[in-house]
There are 2 protein chains.
Amino acid sequence: MTVRETSPRGRRAARPSGDDRELAILATAERLLGEKPLSAISVDDLARGAGISRPTFYFYFASKDAVLLSLLDRVVAEADAVSREAFDHPVSGPREGWGRVITAYYETFRAHRALTLAWAEARSSNAEIRRLWADVVESWVQRCTTAIEAERTRGAAPDGPPARDLAVVLASTNERVLYATFSGDGPALAETDVVDVLLEVWLRAIYGASPTD
Amino acid sequence: MTVRETSPRGRRAARPSGDDRELAILATAERLLGEKPLSAISVDDLARGAGISRPTFYFYFASKDAVLLSLLDRVVAEADAVSREAFDHPVSGPREGWGRVITAYYETFRAHRALTLAWAEARSSNAEIRRLWADVVESWVQRCTTAIEAERTRGAAPDGPPARDLAVVLASTNERVLYATFSGDGPALAETDVVDVLLEVWLRAIYGASPTD
DNA sequence: GCGTTTCTCGACACTCCGTCGGCTCGTTCG
DNA sequence: CGAACGAGCCGACGGAGTGTCGAGAAACGC
């Protein structure tokens, strides 16, 4: 087995024993995020949690945000795989198809609730995290755009705003509604209802007609 | 003229000359927010911008966030007034009515773009700002809920998810879509299109039907 | 064994925050 | 008129974080 190539993010070089430490830092981060918000976690907390001193932390990660980024990379990869699968899966009708898509999105982020909330917190202050999320949404929007256009072409959906614009709006809707549901601040939907309501709004937005006045 | 009662927030006591300083701090904050994100603005920046020292700043405001809160109070009051007016205004049909509502929301926050972005940044770390925004959205959702129920009662809109759930989703949609448009990061709609697209989605969500499969 | 690389940390320099105690005024009142 | 008071102001301090530097320990390659 040759020297393992780790991802560009993470520690500076690759060697055995240090791997444990890197994992320990990541695990500590995920654990602490379940207890308190990102802003209340210091580099020192992460270091001590992983059994090392603060300067040593910097041997493995460039900053607190770099740890979060590492964590997010994993979730993003998972979300992307699940989403791709949801879009490719054969379906019997629009309701089942879009329901599958929304459910996939919902399940993935629900499984990593703490990380999802931390991401939202870090986004406002970190350009790299912003970019990572923008990429995720973009690929999501593209898939939706294609699907909407296909529905229009086959005559199942009426014309309306450009498919991409519609996709951007719907992706934004999911993002904000699910975030509210998971974080629980401000008006939000119950976890048991959120997928159903979102699905109904999606279906109406894509297949429904607006009143002619 | 008796001693002016200032709002509970703001400086600790009320006396003439200090008013200028308080205003100067608020003005400085608004100016700096147009140049850099909230996180890049220090208390020292605000103090120096207002021509005072850092300790003196604390004579007027308890923290940087308190300044933002003061600024937001104003915008919130304005937004609330405009929104109330939009809902009460007599209209000739659904498209005009809802269009008025969405436009009001859009114009208000566009006029205070920098503040809107700062609010989003502060929300994740400040419970009081979170609560303020939650209240704003709540009153917004209630107005929408009532309006949707009225449309259903008069037979103009079909049944569907609970009106309140629909209202929460639509309010969230506006929030996220407009934020993306104003901040410009991630997939977003052009400022020229955003109201039209949102309106179409709203109309379909409220008046449209979903496919029966 | 011995150099090289990995890993580790104590100590430092820096930024920002919030507070305390004392200074300077103008106003009030005896 | 002159003390007393309070609004307004700031220098200086202590504390919490951050990121870096340079020197030491431990493992490895030969």
Side-chain angles (χ1 to χ4, degrees), chain A residues 1-6 9-26 28-29 32 36-69 118 121-122 124-129, chain B residues 1-6 9-26 28-29 32-33 36-69 118 121-122 124-128:
Chain A
M1 195 176 298
T2 58
V3 177
R4 209 182 102 242
E5 276 298 323
T6 53
R9 277 196 269 279
R11 71 193 163 87
R12 302 205 260 273
R15 230 32 221 302
S17 169
D19 251 9
D20 303 339
R21 258 68 209 273
E22 188 170 331
L23 267 317
I25 292 173
L26 291 170
T28 303
L32 289 180
K36 45 186 172 182
L38 181 65
S39 59
I41 299 173
S42 71
V43 169
D44 203 59
D45 292 335
L46 295 178
R48 297 201 172 282
I52 55 177
S53 73
R54 205 170 55 80
T56 301
F57 167 91
Y58 289 99
F59 180 82
Y60 293 99
F61 292 96
S63 68
K64 187 170 73 174
D65 284 356
V67 176
L68 185 58
L69 225 22
E121 201 184 332
S124 54
S125 64
N126 184 304
E128 205 171 348
I129 289 184
Chain B
M1 195 176 298
T2 59
V3 176
R4 211 183 100 242
E5 276 297 323
T6 53
R9 277 196 269 280
R11 70 193 163 90
R12 303 204 261 271
R15 230 30 222 305
S17 168
D19 252 10
D20 302 339
R21 258 66 209 275
E22 190 172 329
L23 268 317
I25 292 174
L26 290 171
T28 303
L32 289 180
L33 281 176
K36 46 185 172 180
L38 181 66
S39 58
I41 300 174
S42 70
V43 170
D44 204 59
D45 292 334
L46 296 178
R48 298 204 171 280
I52 55 178
S53 74
R54 205 168 56 77
T56 300
F57 167 91
Y58 288 99
F59 180 82
Y60 294 99
F61 291 96
S63 67
K64 186 170 72 174
D65 283 356
V67 177
L68 186 57
L69 226 22
E121 199 183 334
S124 56
S125 64
N126 184 304
E128 207 171 347

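Residue numbers start from 1 in every chain, and the chains themselves are labelled A, B, ... in the order their sequence lines are given, proteins ahead of strands.
The nearest whole Å value for the distance from the CZ atom in B:F59 to the C1' atom in C:dC25 is 13 Å. The distance from atom OH of B:Y60 to atom C1' of C:dG18 is 18 Å, rounded to the nearest whole Å. Rounding to whole angstrom units, CD1 of residue B:I25 and P of D:dG8 are separated by 12 Å. B:D19 places its CG atom 13 Å from the C1' atom of D:dG8, with the value rounded to the nearest Å. Atom CZ of A:F61 and atom P of C:dT8 are 13 Å apart (whole Å).
Minimum interatomic distance between A:D45 and A:A40 (heavy atoms only, all atoms of both residues): OD2-O, 3.7 Å.
Every side-chain contact (heavy atoms from CB on, under 4.5 Å) that B:A50 has, sequence neighbours left out, goes to B:A24, B:I25, B:T28, B:I52.
Separation of atoms CG (B:N126) and CG (B:L69) is listed at 6.5 Å; rounding is to 0.5 Å.
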Would A:Y58 and A:V43 count as a side-chain contact (heavy atoms from CB on, under 4.5 Å) here? Give the steps.
CA-CA 9 Å; A:Y58 289 99; A:V43 169; 3.7 Å; yes
Under-3.5 Å N/O pairs linking protein and nucleotides 18-23 of chain D:
{"residue": "D:dT18", "atom": "OP1", "partner": "A:V43", "partner atom": "N", "Å": "3.3"}
{"residue": "D:dT18", "atom": "OP2", "partner": "A:V43", "partner atom": "N", "Å": "3.2"}
{"residue": "D:dT18", "atom": "O4", "partner": "A:R54", "partner atom": "NH2", "Å": "3.3"}
{"residue": "D:dG19", "atom": "OP2", "partner": "A:Y58", "partner atom": "OH", "Å": "2.7"}
{"residue": "D:dG19", "atom": "N7", "partner": "A:R54", "partner atom": "NH1", "Å": "2.8"}
{"residue": "D:dG19", "atom": "N7", "partner": "A:R54", "partner atom": "NH2", "Å": "3.4"}
{"residue": "D:dG19", "atom": "O6", "partner": "A:R54", "partner atom": "NH2", "Å": "2.5"}

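With a 4.5 Å cut-off on side-chain heavy atoms, A:F61 and A:L26 count as touching.
With hydrogens and angles disregarded, no donor-acceptor distance shorter than 3.5 Å links the side chain of A:K64 to the backbone of A:L46.
Of all the residues in residues 45-53 of chain B, B:I52, B:S53 reach under 4.0 Å from DNA chain D with at least one non-hydrogen atom.
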